[in-house]
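This is a predicted model, so every value here is computed, not measured.
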There are 2 protein chains.
Amino acid sequence: EDIVVSEVQLDEGQSRITIRGIANRPGVAAEVFAAVGEGGVMVDMIVQNIGLEGRTDISFTVPRSDLERCLLLVRELGEHWEGAQVSFEREIALLSVIGIGLRSHTGVGERMFAALGAADVNVDMVNTSEIRVSAVVSPTTAKSAHAALLKEFGLTEVG
Amino acid sequence: EDIVVSEVQLDEGQSRITIRGIANRPGVAAEVFAAVGEGGVMVDMIVQNIGLEGRTDISFTVPRSDLERCLLLVRELGEHWEGAQVSFEREIALLSVIGIGLRSHTGVGERMFAALGAADVNVDMVNTSEIRVSAVVSPTTAKSAHAALLKEFGLTEVG
Ligand SMILES: C[C@@H](O)[C@H](N)C(=O)O
Ligand SMILES: C[C@@H](O)[C@H](N)C(=O)O
């Protein structure tokens, strides 16, 4: 695969909200984002993996300044839902390896996770797109994780 | 938000592999994708949500023709891991709403999930990027889901 990794971005300005044990049936995600939308909150990443026994977890990231308001909206919603639990992380670090020609994420993912693993950085969440592989890591490991990835992909820190 | 949704793509050519209960510690994702990479498998979407009690689930999609080989590689790896379970879905439908100006996914997500919910389509997985919100749905609902989204965003089917 002819892949060129052009940058590694570190975003330390977001927070994560997770609703664990949300009912895995039609219309539920719609309710979550209708509530969040009404609050005018800007959602960046939305991640939902496959569920189990009628339930699943849905996570999304918002700018830190929107966290409190978003939690109010989501908790209000969560009160109607038996078994659902709202959790959040005020500070997350979102690392993105950006490349062109990412028709397959195997190569970049393999190297990114290997570099993070070797730096003893745990990967908390993973998300992908046409041009990037993103990992959420703890803010305490963010700087060393960023450095490890820049080194792995032969890039120097910008700005 | 000034968002223009330009297309809704339906990809019915992929399969999903999930490793449930994978150890949530550094280096594990690296092992998974090293094994997959060695098999020359092209991975498209990788989704991992936040874990619980030292474990999490990681899912990824591959072209259907790569499924068998990928399962062999992943199961071989999974044998060393206590408590981890490999599951898969041979046929998934991946719907992506693509837009420009998606600085926030709230608006598009809200409408996409509302349209799917109204069409009684369950959202099995969610993934986002700068230009798209993607949802995995069952192949049996794929066509009606695609139609519902094209209608929601005022688009006609292409090709
Ligand atoms: C969990 C949520 O995504 C649900 N499956 C829905 O379709 O709305
Ligand atoms: C589950 C997997 O992502 C693990 N947390 C790792 O860092 O490799």
Side-chain angles (χ1 to χ4, degrees), chain A residues 1 16 18 20 24-34 36-37 40-52 56-60 87 89 103-107 109-136, chain B residues 1 16 18 20 24-34 36-37 40-52 56-60 87 89 103-107 109-136:
Chain A
E1 317 155 346
R16 165 187 60 79
T18 299
R20 288 193 196 271
N24 196 5
R25 55 176 164 72
V28 173
E31 285 188 69
V32 174
F33 293 98
V36 169
V41 175
M42 289 183 58
V43 170
D44 178 24
M45 194 161 94
I46 306 171
V47 170
Q48 177 190 316
N49 205 343
I50 206 82
L52 195 62
T56 190
D57 303 333
I58 191 163
S59 294
F60 56 97
S87 73
E89 207 162 359
R103 271 179 34 259
S104 157
H105 291 99
T106 316
E110 196 179 339
R111 291 175 64 188
M112 179 181 187
F113 300 138
L116 293 174
D120 207 30
V121 173
N122 194 55
V123 171
D124 295 333
M125 293 172 76
V126 179
N127 192 28
T128 50
S129 81
E130 308 74 11
I131 61 162
R132 68 173 69 193
V133 182
S134 296
V136 171
Chain B
E1 321 152 345
R16 166 187 59 81
T18 299
R20 290 195 195 267
N24 196 6
R25 53 176 164 72
V28 172
E31 285 187 69
V32 174
F33 293 98
V36 170
V41 174
M42 289 183 57
V43 170
D44 178 24
M45 192 160 95
I46 306 171
V47 170
Q48 177 191 316
N49 206 342
I50 205 84
L52 194 62
T56 190
D57 303 333
I58 190 162
S59 294
F60 56 97
S87 73
E89 207 162 1
R103 273 180 32 262
S104 156
H105 291 99
T106 316
E110 196 179 339
R111 292 175 62 186
M112 179 180 187
F113 301 137
L116 294 175
D120 207 32
V121 173
N122 195 55
V123 171
D124 297 333
M125 292 171 76
V126 180
N127 191 29
T128 49
S129 80
E130 309 72 12
I131 61 162
R132 67 172 69 193
V133 182
S134 296
V136 171

Any side-chain heavy atom of B:Glu130 sitting closer than 4.5 Å to one from A:Ser129?
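A side-chain contact exists here, since the closest heavy-atom pair is under 4.5 Å.
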Within a strict 4.5 Å, meaning less than it, do heavy atoms of the B:Val47 and A:Val126 side chains meet?
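No, their side chains stay 4.5 Å or more apart.
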For chain B, which of A:Pro26, A:Gly117, A:Gly51, A:Ala135 has the most heavy-atom pairs under 4.5 Å?
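Option with the greatest count: A:Pro26.
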Chain B contacts, top residue of A:Ile58, A:Asp57, A:Asn24, A:Thr56 (heavy-atom pairs, under 4.5 Å):
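Among A:Ile58, A:Asp57, A:Asn24, A:Thr56, the one with the most close pairs to chain B is A:Asn24.
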Spell out, as yes or no, whether a donor-acceptor pair under 3.5 Å connects the side chain of [X] to the backbone of [Y].
X: B:Glu110; Y: A:Ala29; value: no
X: A:Gln48; Y: B:Val123; value: yes
X: A:Ser59; Y: B:Asn49; value: no
X: B:Thr106; Y: A:Gly37; value: no
X: A:Thr128; Y: B:Ile46; value: yes

Under 4.5 Å, counting heavy-atom pairs only, tell me which of [options] racks up the most with chain A.
options: B:Val136, B:Leu52, B:Val28; value: B:Leu52
options: B:Gly109, B:Ser134, B:Ala34; value: B:Ala34
options: B:Ile50, B:Val36, B:Val32; value: B:Ile50
options: B:Met45, B:Met112, B:Arg20, B:Arg25; value: B:Arg20

Heavy-atom cut-off 4.5 Å, strictly under: side chain, backbone, both or neither for B:Arg16 against chain A?
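Answer is side chain: those atoms of B:Arg16 sit under 4.5 Å from chain A.
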Just how far is it from atom CZ of B:Phe33 to atom NE2 of A:His105, taken to the nearest 0.5 Å?
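Rounded to the nearest 0.5 Å, the CZ-NE2 separation comes to 10.5 Å.
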